[in-house]
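One structure is given below, encoded as structure tokens.
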Amino acid sequence: MRTETPVSVKLENYKPYPFEIESVSLDFSLEPEATRVRTKMKVNRLRPGDFVLDGVGMILHEIKLNDVVLDLEQYDRGDETLTLTSVPDSFTLETDVTINPAANTALSGLYISGGRFCSQCEATGFRHITFWPDRPDVMSRFHVRMDADKSKYPILLSNGTPGESGDFSDGRHYAEWDDPHPKPSYLFALCAGDYDVWRDTFTTMNGDHVDLGVYVDKGQADRAEWAMESLKASMKWDEERFGRAYDLGVFNIVAVRDFNFGAMENKGLNIFNSAYVLANPESATDADFEAIESIVGHEYFHNWTGNRITCRDWFQLCLKEGLTVFRDQEFSSDLRSRPVQRIKDVMRLRGRQFAEDGGPLAHPVRPDSYASIDNLYTATVYEKGAELIRALTVLIGDEAFNKGMQIYFDEFDGTASTIEDFYSCFEKASGRDLSQFRIWYAQAGTPEVSIVESWDEKKSTLTLKLAQKTPPTPKQSDKKPVPIPLRAALLDGKGGQIEAEGWDDGDTVIVLDEARKKVEVKLEDGAQRPLLSINREFSAPVRIKRDLTTQQLLELASAETDPFNIWDNFQTLSKTEIFRLLDNPQSPPDADLVSALADAVRQNSPDPAFAALLTVLPDIGELFQEREPVNPTGLNDARKRLRKALATELKSDAERILAEPTPQPFAPSAEQAGIRALRTAMIGLTGALATPDAARSLKNLFDQADNMTEKLACLRTLIPIEGNERDAAIETFYEEWKDNPLVIDKWFAVQAGQGTAADAERLSKHPDFDLSNPNRVRSVAAAFSMTNLAEFHAPDGSGHKVIGDIIETADKRNPALAARLLTSFEQWKKLEPVAKASAKATLERLRDGGLSKNAMDIVARALD
Ligand code: TRP
Ligand code: ZN
């Protein structure tokens with residue numbers, strides 16, 4: 001394979017498209033290997049410029065301009081474009097092409113999954129379907145007509161609402177769909193095949209009736225119920241929280257097994273990775289139910305933040321993604337527990353985004369250049385993008401934020417917008433200049449905030465010296481101060497908060513908007529020294545550095561009134577302790593910390609979901625970021641020693657909790673999920689004891705478990721404990737579930753996530769391993785390389801080799817998938833010398849062997 005040198009697209013080169021496309025009719029004659037696509041568009045010139053369309057890999061039969069067939073010299077066909085040199089100011093253009101969905105292994109454009117047609121057009125899939133200005137600022141009214149063999153493809157779906165349909169005498173049939181809302185091509189969708197449907201209806205706050213459908217594989221309709229419930233909850237929530245109603249008579253979701261991402265927000269026809277649709281109590285974990293709810297919400301919320309208001313260009317991706325992630329996080333917080341949701345979101349941010357921000361792939365939330373757009377769907381754009389919206393709410397307050405959102409919906413509906421447009425709404429709503437806040441969007445790297453406190457006994461004054469610093473990132477060495485809104489409170493050490501001047505309700509927001517800032521807090525005369533609680537609820541996406549001793553941190557943890565910070569204090573304590581254990585291999589874990597942590601788990605057991613999170617020690621991926629060079633194997637051992645100590649301390653609690661019956665009958669409610677989360681945490685701790693006894697009781701629990709959450713937790717926990725129990729569990733689980741691919745994905749993932757490189761290799765050669773299915777590839781490759789860092793970075797290079805081999809083969813079929821897997825190498829420069837050399841050699845081997853443009857973009861940046 002030839003390696004393409006990535007050429008970068010730059011934000012500063014943005015030019016509006018010279019034409020508008022008023023409307024378009026697409027006519028599909030569907031055949032897996034040769035689908036005919038006839039396109040007719042009405043075009044008007046808006047400004048001077050060439051008429052250039054994007055188009056890749058199609059057979060072009062004919063082009064007509066105003067009904068006249070064009071000669072070869074009247075257009076210029078490049079590798080990826082079609083240019084018409086001289087066109088009138090208003091005209092119709094017709095193209096007639098053939099495409100081959102069956103050969104589309106990259107899963108971008110029109111392809112086949114499970115014998116059914118489906119499409120994925122974001123970001124640039126539409127250019128594989130027909131010639132078109134495939135950029136988000138060209139919005140058009142789409143009319144779609146399709147015909148297909150009725151016996152194989154009885155259901156024909158596209159965006160909008162259905163129009164005419166009918167049968168032909170030759171066994172084919174046709175259907176038409178109309179979407180009245182102008183949209184960019186990336187929101188186009190088409191699905192055709194045989195499905196079972198779970199139907200329901202919704203009445204909007206305006207009294208409009210909406211037909212809802214969730215389309216799944218034959219025989220699986222009952223597994224669509226939860227997705228449907230989540231959809232209705234999303235529709236209602238967006239009305240109540242943001243005043244946004246749905247705007248078409250139909251909303252459909254289609255589940256497909258082969259999909260590069262989680263799901264896609266196509267107008268009126270969301271397409272989902274089946275992992276985020278299908279669920280029933282027997283086969284799905286609580287995490288699955290939760291993910292379905294949140295992703296269904298996410299895609300639905302895009303209808304307003306993404307579809308009605310879309311992005312001017314792909315540099316503005318965070319305009320829709322960061323905002324929509326913020327919206328889905330709020331949805332989950334309102335439906336479930338806000339603090340628990342916050343902790344989970346921050347875990348994800350720290351594990352993925354902080355790592356990205358601290359490595360060679362670091363980029364701003366709104367980048368100013370990219371080589372491959374597919375590689376811009378990152379944790380930074382999504383997760384940090386969402387954090388910035390959250391920080392904005394803290395900075396200007398909820399009221400101004402809500403007002404700004406309404407201004408945004410009013411002013412920019414129907415447009416393709418920018419971050420500047422979006423912020424202009426909050427400037428209006430708050431009356432504040434937000435230009436400094438926008439630096440957050442242009443600057444990569446995680447700011448570090450250091451806080452030094454001093455207490456003046458005589459004056460009863462607490463002085464805080466705050467400073468911020470953002471480390472240099474690739475191509476951005478100088479960093480400016482950003483406004484950092486830090487929620488803060490003064491704690492009395494007895495479970496309460498102290499009021500002070502300017503700290504209403506004992507709670508305030510300190511905005512650190514300069515490199516350094518001194519804050520003085522005057523308390524009542526004779527007051528006791530208060531404890532400072534800062535960055536409450538994780539109000540800003542920064543790293544906080546405070547020079548507190550373990551003893552002071554323990555005191556702070558017990559004085560805290562913010563659940564997020566209670567959890568976070570223990571995270572900080574555990575991190576420090578794991579590094580101490582790493583440096584002192586003979587030293588036992590700190591007994592005070594272990595007993596304080598165990599006490600916190602016990603005290604919080606009335607809120608079992610929260611208590612469960614307290615048992616989770618910072619993972620290796622997070623610990624990784626704190627040291628260079630880093631030895632993942634050593635870190636893993638140190639972490640295990642601390643975990644074992646905690647497990648020993650909580651042994652009788654675990655036995656008691658696990659002896660109680662699991663909730664019956666099963667419901668996917670947050671309440672039950674919380675109880676199971678604590679049980680699952682106890683299962684994990686039992687495994688951390690790693691005794692033969694533990695293996696036996698885990699195997700018993702495994703055999704008795706009647707829900708997937710606990711069953712899978714037992715399996716996961718048994719895997720590192722060699723013996724008959726483990727082998728039997730692996731075997732029976734497979735036998736029971738071998739016909740359910742989503743469950744078998746989990747079976748692969750728990751083994752790859754806990755095993756060695758040899759296990760990962762064995763799994764990648766298993767007959768059920770399937771390179772053409774992204775979920776299955778990820779269940780081995782991502783589970784191993786992204787959640788099992790000690791084995792992935794094993795000094796002998798065995799982990800790097802297995803993953804390198806999978807990536808090399810995957811890249812030939814599916815570059816987007818390969819590129820994503822490659823990001824697991826992003827921390828390679830931090831590794832100890834032996835593993836570092838092996839990671840580098842693997843990246844160089846891949847580069848020299850030839851890679852797709854997507855994969856090459858990641859490798860080049862990683863090696864730079
Ligand atoms: N916009 C989708 C989302 O909701 C992301 C997405 C779906 C995507 N499929 C994709 C991005 C394929 C790139 C390629 O977040
Ligand atoms: Zn999205």
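When a ligand or atom number is given, it counts from 1 through the structure's own listing order.
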Which ligand 1 atoms, with their elements, are less than 4.0 angstrom from a heavy-atom of H302? 4 (O)
Do you know which N/O/S atom name in E321 is closest to the Zn ion (ligand 2)? OE1
Please state which protein non-hydrogen atom is closest to atom 8 (C) of ligand 1 and give its distance, to 0.1 Å? F261 CG, 3.6 Å
Any side-chain heavy atom of V777 within less than 4.5 Å of one from L821? yes
Counting only heavy atoms closer than 4.0 Å, does ligand 1 sit against the backbone of A263, its side chain, both, or neither? backbone
Given salt bridge (charged side-chain N to carboxylate O under 4.0 Å, His left out), test R776 with D745 step by step and report yes or no. CA-CA 6 Å; R776 187 56 52 85; D745 287 341; 2.6 Å; yes
Go through R244 and T305 one step at a time and tell me if the side-chain contact (heavy atoms from CB on, under 4.5 Å) criterion holds. CA-CA 10 Å; R244 299 296 108 194; T305 51; over 6 Å; no
Considering non-hydrogen atoms only, spot the tightest contact between F117 and P32 and give its length. CZ-N, 3.5 Å
Are any of the N or O atoms of Y382 closer than 3.5 Å to those of ligand 1? yes
Partner set under ring pair (Phe, Tyr, Trp, His ring centres under 6.0 Å) for F272, not counting sequence neighbours: none
Residues E383, R352: salt bridge by 4.0 Å N-O rule: no
H302: its N/O/S atom lying closest to the Zn ion (ligand 2) (atom name): NE2
Counting non-hydrogen protein atoms only, what is the nearest one to atom 14 (C) of ligand 1? Give residue, atom name and distance. E122 O, 3.4 Å
Atoms in ligand 1 flagged as close to H298, the criterion being non-hydrogen separation under 4.0 Å: 3 (C), 4 (O), 15 (O)
Can an N or O of Y377 be found at a distance shorter than 3.5 Å from an N or O of ligand 1? no
Yes or no on salt bridge (charged side-chain N to carboxylate O under 4.0 Å, His left out) for E420 and R366, after CA distance, side-chain angles and deciding distance? CA-CA 11 Å; E420 284 75 12; R366 184 177 67 180; 2.7 Å; yes
Can you sort out which atoms of ligand 1 are near E299, meaning under 4.0 Å from one of its heavy atoms? 3 (C), 4 (O)
How long is the straight-line distance from NZ of K232 back to CG of L212, given to the nearest 0.5 Å? 7.5 Å
Pick from Q120, K320, E265, R820: the one approaching atom 2 (C) of ligand 1 most closely through a non-hydrogen atom: E265
